[in-house]
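Report on the structure given below.
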Amino acid sequence: MAKLADAPDLGSGGVTPVEVRVLSPALFIMTSWNPTSWQSKPASQQPTYGDAKMLDSAVAALSQLPPLVSSWEIETLKKQLADAACGKRFLLQAGDCAERFADCTPERITGQLKVLLQMSLVLVHSTKRRVIRVGRLAGQYAKPRSSNDETIDGVTLPSYRGDLVNDIEFSEIARTPNPNRLLRGFERSAMTINFIRALIDGGFADLHHPEYWDLGFVEHSPRASEYQNIVASIAESLRFIETLAGESIGAINRVEFFTSHEGLHLHYEQAQTRQVPRRDGWYDLSCHFPWIGARTTDLNGGHVEFFRGITNPIGVKVGTHDVDVEKLLDVLHPTNEPGRLTLIHRYGADKVVDELPKLIEAVQRTGKQVLFVCDPMHGNTSKTDSGIKTRSFDAILSELEQSIEIHQNNNSNLGGVHVEVCGQNVTECTGGARGLDEAGLGDAYETLVDPRLNYEQSIELAMLVGKKIDSKPS
Ligand code: PEP
Ligand code: CO
């Protein structure tokens, strides 16, 4: 996370309409936008609240609270993403599928930070590019679901939609969407960001001390020695450069860290969307980098309406769901602003070879630049015979490796990865160096929604992807 700048980013809670230009080759429309204009469109995946007044007062309370991030940090990230789009940096976006309120603990937060820092170190080493670290954390509390309801033993209740909305426990009271959870989620996001900022400012992310990032169980990992060699080689390079420079290199004492989540719950995002002094436009200050999930990319829907008006860099998940990429770029990326748009493709290991070239070609036809990132998780989810949701390490790696090659063969560049990982020793995805099999999934299966790579699998993936990129002729 960028250091807080000296002047505070106060934001303003008001919702004055603003003119936003939507340019398309065929037409030029001026349509008014404001943080609530999404409400005039059909917005899918929103919870049904029984008490509209309670929702209004939660949103009003959220609109008064100070923002979680600043526009300075957001603009810094946008510039870095623009660099990634042209191959000068590499994006690592990683974290939980669904954060839980109960995970707002020092152990869990440092665990996630450690995995991200270690993965990024491995990627820096092999890609020779600066790595942008973006956590799926401090707000990844709302989840899209395939069905509004869930039925167990003849009892039908609302589906679990993430801790921001309701509780996973299967009881009427727990599953009823509760607007007060918006405030609870916001507070936990603030506590998470605060702790991460304190750790980073205190020197936790100092590249001279990667031993701070070690996790207890790492020494028994099959890849431990390879990781330690990378750390040793980076430490040696640092000493070498500092000897030449005759001083310690300040910028290396501290890494930057950014936050992201799926911008799914539109009342929540709206409440944190502000105008800031001395800048144009509206910033969604709930995180640096919100993204539109694959199920909410409808061009006429509320999510696209909300996202087109915010100034943040934004991501859009693109899968086999029907989406007209050229029109999407017209609406979300009208001015081709560097760093504005990241397309996160998630096709699955068996479909990427057919689908990705079409996506690249569609983008190239527009003449616009986007950052392409691969999410190798969401197209590779399967169920075991006993009904456990899992993903195979080999399929995840395969989609990533194929994506690197496909971009390379199509005059394009894979500029990052988007993965679901966990800093604990969970058993949710099969495979990896330790050869976790289906029978082992029950040992530590914790995720509330999608299976995550555990610590060892995450580092291994970073190593193998790094090698593949490193071997790519540039
Ligand atoms: C997710 O990122 O957890 C998710 C639901 O992904 P997608 O929108 O790609 O399905
Ligand atoms: Co997920």
Side-chain angles (χ1 to χ4, degrees), residues 43-47 91-100 103 112 116 134-148 159-165 168 185 259-266 269 287 289-298 301-304 306-307 314-323 325 328 332 341-349 351-352 355-356 359 372-383 388-392 395-396 399-400 403 416-422 426 428-429 445-454 457-458 461:
S44 55
Q45 298 288 341
Q46 304 304 290
L91 172 68
L92 169 65
Q93 187 175 14
D96 280 310
C97 176
E99 281 181 286
R100 305 176 295 193
D103 287 342
Q112 291 305 73
L116 258 103
V134 177
R136 280 176 66 115
L137 51 70
Q140 178 50 21
Y141 288 125
K143 296 306 301 172
R145 303 317 302 259
S146 43
S147 168
N148 276 334
S159 295
Y160 170 65
R161 290 190 170 275
D163 279 9
L164 197 65
V165 173
I168 187 103
T259 59
S260 69
H261 61 250
E262 178 171 349
L264 183 74
H265 194 300
L266 293 175
E269 303 303 324
C287 69
F289 182 44
W291 77 86
I292 305 181
R295 289 175 224 209
T296 48
T297 55
D298 179 3
H303 292 83
V304 170
F306 175 77
F307 272 76
I314 60 169
V316 183
K317 294 275 204 95
V318 185
T320 46
H321 310 71
D322 196 21
V323 48
V325 175
L328 200 71
L332 295 176
L341 190 72
T342 297
L343 292 180
I344 307 164
H345 50 79
R346 28 87 84 220
Y347 291 115
K351 300 202 179 69
V352 64
E355 300 297 331
L356 183 53
L359 174 69
F372 285 106
V373 166
C374 174
D375 163 0
M377 312 297 292
H378 290 88
N380 291 308
T381 314
S382 57
K383 268 196 180 168
I388 303 171
K389 225 181 182 190
T390 190
R391 290 164 170 158
S392 110
I396 292 168
E399 181 166 356
L400 269 172
S403 296
V417 295
H418 178 122
V419 278
E420 292 184 339
V421 302
C422 178
V426 294
E428 298 168 4
C429 295
Y445 192 95
E446 289 184 19
T447 185
L448 296 188
V449 184
D450 288 335
R452 301 158 296 178
L453 295 168
N454 63 23
Q457 293 167 330
S458 308
L461 189 75

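For ligands, and for the atoms within them, numbers begin at 1 and follow the listed sequence. Computed from a prediction, not measured in an experiment: that's the story for all the values here. Index from 1, following the sequence.
Note: an N/O pair closer than 3.5 Å links R136 and ligand 1 by distance alone. The shortest N or O to N or O distance between W291 and ligand 1 is not below 3.5 Å.
In this structure, E262 does not pair ionically with K317, as no charged nitrogen and carboxylate oxygen lie closer than 4.0 Å.
Numbered from 1 in the order shown, with element, the atoms of ligand 1 that lie under 4.0 Å from a heavy atom of E420 read 1 (C), 2 (O), 3 (O). Near G293, with a cut-off below 4.0 Å to any heavy atom, the atoms of ligand 1 are 8 (O). Using a 4.0 Å cut-off to heavy atoms of C97, the atoms of ligand 1 that qualify are 3 (O).
Distance alone, capped at 3.5 Å, is enough to place a donor-acceptor pair between the S260 side chain and the G135 backbone. No donor-acceptor distance shorter than 3.5 angstrom exists from the side chain of E399 to the backbone of V352, with no hydrogens or angles considered.
Atom 3 (O) of ligand 1 has its closest protein heavy atom at K143 NZ, 2.7 Å. The protein heavy atom nearest to atom 10 (O) of ligand 1 is R346 NH2, 2.9 Å. Nearest protein heavy-atom neighbour of atom 4 (C) of ligand 1: H378 NE2, 3.3 Å. The nearest heavy-atom contact from the protein to atom 7 (P) of ligand 1 is K317 NZ, 3.4 Å. Summary of contacts: the protein heavy atom closest to atom 8 (O) of ligand 1 is A294 N, 2.8 Å.
Below 30°, between 30° and 60°, or above 60°: for H418 and H378 the angle between ring planes is above 60°, a perpendicular geometry.
For the pair L91/F289, a side-chain contact is recorded, criterion being any heavy-atom separation below 4.5 Å from C-beta on. Contact annotation: the side chain of N454 never approaches that of E428 to less than 4.5 Å [non-hydrogen atoms, C-beta and beyond].
Judged purely by distance below 3.5 Å, without hydrogens or angles, the side chains of Q112 and R136 never pair a donor atom with an acceptor atom.
Of the heavy atoms in P144, only side-chain atoms (C-beta onward) come closer than 4.0 Å to ligand 1. Contacts with ligand 1 closer than 4.0 Å are made by no heavy atom of M377, backbone or side chain.
When rounded to 10 degrees, the angle formed at the Co ion (ligand 2) by OE2 (E420) and OD2 (D450) equals 140°. Here the angle at the Co ion (ligand 2) defined by NE2 in H378 and SG in C97 stands at 170°, rounded to 10 degrees.
Atom-to-atom distance recorded for H303:NE2 and Q46:CD is 4.5 Å, nearest 0.5 angstrom.
Applying the side-chain contact (heavy atoms from CB on, under 4.5 Å) test between R346 and each of M377, H321, E355 identifies H321 as the sole match.
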